Amino acid sequence: MSDKALTTRAADFSAWYNELVLRAELADYSPVRGCMVIRPNGYGIWERMQRALDDMFKATGHRNAYFPLFIPESFLHKEAEHVEGFAPEAAVVTHGGGKKLEEPLVVRPTSETIIYSMFAKWVQSYRDLPILMNQWANVVRWEMRTRLFLRTLEFLWQEGHTAHATHDEAEAEARQMLGVYRTFMEEWMAMPVVTGLKTPAEKFAGALRTYSCEAMMQDNKALQAGTSHNLGQNFAKAFDLKFQSESGSIEYAWNTSWGVSTRMIGGLVMTHGDDTGLRIPPRLAPIEVVIVPIWKSDEERSRLLEAAQRLKADLTGWGGRGEDRIRVHVDAREGIKPGAKYYEWELQGIPLRIELGPRDLANQACMTARRDTRVKAVLPMEGIAPAVAELLHTIQRDMLHAARERREANSVREAISYDRFRELIEGEGAFVYAGWNGDPAVEAKVKEETKATIRCIPEPEFRTPDGPARCLVTGEPAQHQVVWARAY
RNA sequence: CGGGGCGUAGCUUAGCCCGGUAGAGCGCCUGCUUCGGGAGCAGGAGGUCGGAGGUUCAAAUCCUCUCGCCCCGACCA
């Protein structure tokens with residue numbers, strides 16, 4: 001029986017994560033090192049993420065397109081910082097059709113180069129701007145060490161790419177999309193994030209500025225869950241992306257790019273998972289409610305299955321959420337006892353379970369069990385649909401609150417010594433809000449000594465109001481308040 | 001790529017030191033009884049012991065090489 005339980009988070013967080021991902025059938029290892037198969041349970045979550053984000057992108061004026069997987073190798077070399085960042089992890093195709101290629105092709109690690117080279121063809125006038133585009137795609141980065149969802153050789157993501165006439169417009173776009181990510185992560189994933197600016201050492205290769213969403217996992221390490229870049233004119237200059245302005249001058253365009261990936265599924269697991277398994281916030285759950293009918297005799301079996309289907313129809317037919325119908329599954333499998341089904345659905349993280357047995361039928365009620373709190377409660381059949389919808393809404397809200405409380409409980413906002421900092425980082429881990437003198441050498445030294453990095457210079461609302469005025473390491477006056485943590 | 005660990009049935013593994021017919025638990029299939037928190041009994045299927053080579057009368061076991069996975073480091077938008 002003990003082999004049915006997951007390794008606990010406390011015993012071995014890393015083993016817990018791997019077991020959960022495999023056993024909840026989110027993903028599996030592929031025959032190729034470092035690659036993964038995303039199974040229906042995992043892909044279903046990704047589809048929910050895609051739909052929500054895609055709607056948000058459309059609402060902010062973006063349109064989808066698709067650019068090719070293969071990029072001429074020379075393109076990567078046109079932006080100096082970019083090639084330095086990506087060349088080491090590029091997969092390169094040298095042969096095709098049985099012949100050696102004239103020019104090797106890089107499998108895209110990201111698409112700035114190919115996209116801005118195309119934008120250059122399409123833009124002549126300021127009237128052609130802005131271009132607001134997005135693509136859903138796979139990318140390949142030849143990583144040394146891989147983890148399911150968190151770092152694999154190939155992963156799925158979206159990458160938004162825009163071109164603007166002015167710096168300020170591009171800056172506003174980059175910040176707007178950071179806000180979209182934040183909204184998505186909080187309101188859909190129930191995963192609170194700290195948003196802010198990356199330091200030069202941590203920014204995207206080729207960007208002017210990088211903003212990120214940083215989430216805290218249950219081992220108190222940070223996960224960079226999304227990034228948004230103001231690329232300045234770096235790529236426009238490299239790919240000759242120019243336009244004639246209103247006043248007649250020729251100018252380079254200003255670009256942004258922004259992306260989130262299937263890595264967020266890893267973030268979801270490490271934010272909400274518990275020792276029983278996954279917990280999916282209702283808005284992201286492909287199945288929000290699973291109905292488990294309970295019967296003894298054949299006669300009861302047909303009555304209960306029928307009642308379960310009727311309950312499902314009541315729930316899915318309810319229009320109180322508009323087009324967003326309650327997503328319900330009836331577990332009608334035979335030969336498996338109800339208890340076994342409970343464990344299985346809990347492992348998979350279905351937000352709400354409804355148990356329906358002969359006693360409930362007699363009472364015109366059913367038993368609900370929340371996955372997040374594991375609290376059970378009887379609900380009358382009368383008005384069941386709005387009550388279930390309300391419960392799902394509550395679960396969604398409570399999961400965000402719980403995650404936020406956990407994050408703040410493991411954040412350090414008071415002034416501490418560097419020795420204490422090391423003790424914390426090397427011990428239980430934390431987000432440490434501290435002063436920084438702005439010197440990259442200090443950042444490098446801390447990384448070297450503790451493996452902690454500056455996750456971001458947080459936006460004002462995340463900062464400690466009367467934050468430390470002095471640098472954590474040198475004691476000099478601080479240039480910025482920053483968040484230190486170890487990261488994935 | 002460096003250090004460590006591990007590859008035996010779908011999963012978890014025993015056997016390996018000390019060579020001699022490959023075992024168990026879970027899962028799976030069939031039947032009966034069960035069914036409100038991981039069911040019981042009976043019967044059954046399933047293995048080129050990661051791969052290649054070597055030593056030997058005989059290799060899961062000893063030797064060499066190789067591939068993969070996990071952990072720690074280095075690296076990492």
Side-chain angles (χ1 to χ4, degrees), chain A residues 1-7 12-15 17-19 22-23 25 28-36 76 79 81-90 108-112 139-148 150-153 155 157 159 198 200-207 210-212 224-229 231 257-261 263 276-277 292-298 300-301 304-305 331-347 353-363 365-369 374 376 378 447-448 451 453 487-488:
Chain A
M1 206 158 288
S2 61
D3 62 333
K4 290 179 176 173
L6 286 170
T7 298
D12 186 341
F13 192 79
S14 184
Y17 175 83
N18 290 332
E19 278 179 33
L22 294 172
R23 287 179 48 182
E25 298 183 0
D28 203 350
Y29 294 103
S30 92
V32 178
R33 176 199 81 86
C35 293
M36 67 186 281
L76 215 56
E79 211 289 329
E81 232 181 84
H82 194 64
V83 65
E84 196 182 322
F86 284 104
E89 53 189 57
R108 64 178 165 223
T110 178
S111 303
E112 276 75 7
V139 287
V140 169
R141 296 176 187 182
W142 217 262
E143 302 289 352
M144 290 176 164
R145 257 185 85 188
T146 58
R147 295 282 311 275
L148 293 168
L150 301 172
R151 180 170 285 108
T152 47
L153 298 199
F155 58 92
W157 77 345
E159 47 181 323
K198 286 291 191 184
E202 296 280 328
K203 77 174 174 64
F204 177 73
T210 290
Y211 297 98
S212 75
Q224 178 178 299
T227 50
S228 182
H229 317 291
L231 301 172
S257 69
W258 26 276
V260 294
S261 72
R263 185 184 227 204
T276 307
V292 179
I294 299 156
W295 64 77
K296 288 190 174 72
S297 63
D298 277 356
E300 273 180 356
R301 178 177 154 273
L304 266 300
L305 283 176
D331 186 349
R333 290 175 299 172
E334 296 182 39
I336 303 173
K337 291 177 72 173
K341 293 181 179 179
Y342 301 166
Y343 280 101
E344 191 175 318
W345 294 113
E346 284 171 3
L347 175 63
R353 178 177 72 242
I354 297 183
E355 306 168 7
L356 192 63
R359 291 207 297 272
D360 302 303
L361 229 49
N363 297 333
C366 60
M367 178 66 81
T368 60
R374 312 196 76 183
K376 285 193 175 193
V378 175
K447 184 176 181 180
E448 165 79 24
K451 286 185 265 173
T453 50
Y488 275 95

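Only this structure's heavy atoms are used, side chains among them; waters, hydrogens and symmetry mates stay out. Residue numbers start from 1 in every chain, and the chains themselves are labelled A, B, ... in the order their sequence lines are given, proteins ahead of strands. Please read all numbers here as calculations on a predicted model, not as lab measurements.
- Ion pairing between A:Glu159 and A:Arg108 fails under the 4.0 Å rule for side-chain N and carboxylate O.
- Both geometric conditions, a ring-centre gap below 5.5 Å and a plane tilt below 30°, are fulfilled for A:Tyr343 over the base of B:G38.
- Each of A:Lys447 and A:Lys296 was assigned the nucleotide of RNA chain B with the nearest heavy atom; the assignment lying further toward the 5' end belongs to A:Lys296.
- Nucleotide B:G37 holds its C1' atom 16 Å from the CH2 atom of A:Trp295, rounded to whole Å.
- Nucleic acid contact class of A:Pro358 (heavy atoms, under 4.0 Å, all strands): base.
- We find the CG-CG distance between A:Leu356 and A:Leu305 to be 10.0 Å, quoted to the nearest 0.5 Å.
- Picking from B:G37, B:C35, B:A74 the nucleotide with the shortest atom distance to the side chain of A:Lys337 gives B:C35.
- Using the Watson-Crick or G-U wobble rule with both distances under 3.5 Å, B:G25 pairs with B:C11.
- As a whole-Å value, the separation of A:Ile294 CD1 from B:A39 C1' is 15 Å.
- Side-chain to base pairing of A:Glu344 with B:G37: no donor and acceptor N or O lie closer than 3.5 Å to each other.
- Across all strands, A:Arg263 comes closer than 4.0 Å to no nucleic acid atom at all (heavy-atom distances).
- Judged by distance alone, with hydrogens and angles left aside, A:Arg151 brings a side-chain donor or acceptor within reach of the base of B:C76, the pair sitting under 3.5 Å.
- Using a 4.0 Å heavy-atom criterion, one finds that A:Lys341 contacts no nucleic acid atom at all.
- A:Glu346 comes within 4.0 angstrom of a base, heavy atoms only.
- The nearest heavy atom of RNA chain B to A:Leu148 and to A:Cys366 marks one nucleotide each, and the one closer to the 5' end goes with A:Cys366.
- Between A:Leu6 atom CG and B:U12 atom P there is a gap of 14 Å when expressed in whole angstrom units.
- Looking at heavy-atom distances under 4.0 Å, A:Gly85 makes no contact with the nucleic acid at all.
- Distance NZ (A:Lys198) to C1' (B:C76): 12 Å, rounded to an integer number of Å.
- Residue A:Ser14 is classed as a sugar-phosphate contact, given heavy-atom separations below 4.0 Å to backbone atoms only.
- Taking the six-membered ring where the residue is Trp, A:Phe155 and A:Trp157 present perpendicular rings, their angle passing 60° and hence far from 30°.
- Judged by distance alone with a 3.5 Å cut-off, a donor-acceptor contact links the side chain of A:Lys376 to the base of B:G37.
- Using a 4.0 Å heavy-atom cutoff across all strands shown, A:Glu89 reaches at least one base atom of the nucleic acid.
- Residue A:Asp360 is classed as a base contact, given a heavy-atom separation below 4.0 Å to a base.
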